[in-house]
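Inspection log for the structure reproduced underneath, given as structure tokens.
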Amino acid sequence: MSFTLNDLPLRDDLRGRSPYGAPQLDVPVVLNTNENPHAPSPRLAKALAEAVADTALGLNRYPDRDAVHLREGLAAYLGHGLTADNVWAANGSNEILQQLLQAFGGPGRTAMGFEPSYSMHPIISRGTGTGWVAVPRDADFRIDVDAALAAIAEHRPSVIFLTSPNNPTGTALEIADIERIARAAPGVVVVDEAYAEFRREGRPSALSLLPDHPRLIVSRTMSKAFALAGARVGYLAAHPAVVDALQLVRLPYHLSAVTQVVAVTALDHADELLGAVDDLRTERDTLVGWLRAQGFSVADSDANFVLFGEFEDRTRVWQDLLDQQVLIRETGPPGWLRVTVGTAEEMAAFRTALLKATGR
Ligand SMILES: *Cc1c(COP(=O)(O)O)cnc(C)c1O
């Protein structure tokens, strides 16, 4: 007798749903989840190990529930006159988003996003019982602000997600567009800036809007630019009242002492880590130029990945690359594929495999 998920008293709104599931396959060239390809340097790894060893001596005690030291460090890193009161941290920005939906979404409320975008926004919304409204982006993956304002007027969302630079398209939003949406929003506006550090010159962050918009929230992560995906550290910047609201839903001691000290140590090495980001941005721009020269359609990218196409059978191209030991991501609009920017060697392997897969 086989007992399955369907036999459990699962919530009706979770029946038939699929979990988040980027494949985790053991291949030499992994370019599918927008990780930073650079492992911590020996210098940083040593500093991390020493900090964790120190912290280990106090693990009989609960961690600082308010993660004050870490929040001070994150505020200093962000600049813009922000202090620890403006900043909140959690186990990845996914937990930040979940806490935001627990506080500002929930049953009877609606969240809105502009798709294609990050698949976790609707998944976390549904997980917290929040309704989801998707508004399509236009053909070049921009948000049509007039259409956005009409959708906001119609649905009155409690939470609006703006991903900039957007995943999986790489598209950055104009500050003026964010501002127009923020002015029209009846609830909170979350600008997911997971890829902020990778944006091209002259593209401002929504952090500059915070002083004038107390219901605007900027979410960031150490998973991408700081090359710390394995440590699970995300954070937000907002009005201190938003941080107060999250205290009502966060679990006590949610951020372990080990996580906090690892994040603080990584912040101490920000210069080294952000230097590698510059290399990845250059590699990204080279990749965009190369793909275009081969005749592919390529979305402009302000992130550490590139969306390209268009393929009649993208699954075949994805599989052919995987057969050549290169893992990319089958995501985004039909016919498109997404590749994360890796090291120069990894990108060379990707280019060779793609040429072979597409017979160019
Ligand atoms: C990768 C990513 C995140 C980061 O999630 P973490 O939980 O911080 O690892 C958040 N938002 C978007 C749009 C992403 O692509």
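We count ligands from 1, going down the list as the structure has it; atoms in each ligand are counted the same way. Note: hydrogens, waters and symmetry copies are ignored here, and every other heavy atom, side chains too, is used.
Residue, atom and distance of the protein heavy atom nearest to atom 10 (C) of ligand 1 are Ser93 OG, 3.2 Å. Among all non-hydrogen protein atoms, the one lying nearest atom 9 (O) of ligand 1 is Ser223 OG, 2.7 Å. The nearest protein atom to atom 14 (C) of ligand 1, hydrogens excluded, is given as Lys224 NZ, 3.3 Å; this is a heavy-atom distance. Nearest protein neighbour of atom 11 (N) of ligand 1, counting heavy atoms only, is Asp192 OD2, 2.8 Å. In this structure, atom 15 (O) of ligand 1 lies nearest to the protein heavy atom Tyr195 OH, 2.5 Å.
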Practice item. Output, in order, the C-alpha distance, side-chain angles, deciding distance and verdict of salt bridge (charged side-chain N to carboxylate O under 4.0 Å, His left out) for Lys224 and Glu35. Key: CA-CA 6 Å; Lys224 313 287 167 48; Glu35 291 152 331; over 6 Å; no
Check your understanding: Do Phe305 and Phe308 pass the ring pair (Phe, Tyr, Trp, His ring centres under 6.0 Å) test, and can you show the C-alpha distance, the side-chain angles, and the key distance before you say yes or no?
Key -> CA-CA 10 Å; Phe305 54 82; Phe308 66 102; over 10 Å; no
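Polar contact check, Asn91 against ligand 1: no nitrogen or oxygen pair lies under 3.5 Å apart. Geometrically, ligand 1 and Asn167 share a nitrogen or oxygen pair separated by less than 3.5 Å.
At a heavy-atom cutoff of 4.0 Å, ligand 1 is contacted by the side chain of Arg232 but not by its backbone.
Using a 4.0 angstrom heavy-atom cutoff, Asn34 does not count as in contact with ligand 1. Ligand 1 lies nowhere less than 4.0 angstrom from a heavy atom belonging to Gly234. The shell of residues lying under 4.0 angstrom from ligand 1, judged by heavy atoms, excludes Met222.
A donor-acceptor pair shorter than 3.5 Å can be found between the side chains of Ser41 and Glu272.
Below 30°, between 30° and 60°, or above 60°: for His121 and Trp132 the angle between ring planes is between 30° and 60°, a tilted geometry. Using the six-membered ring where Trp is involved, Tyr253 and Tyr62 have ring planes that are parallel, under 30° apart on the 30 and 60° scheme. Ring-plane geometry between Tyr195 and Phe198 is classed as tilted, the angle between the planes lying from 30 to 60 degrees on a 0 to 90 degree scale.
We find that Asp323 and Arg316 are not joined by a salt bridge, their nearest charged nitrogen and carboxylate oxygen being 4.0 Å or further apart.
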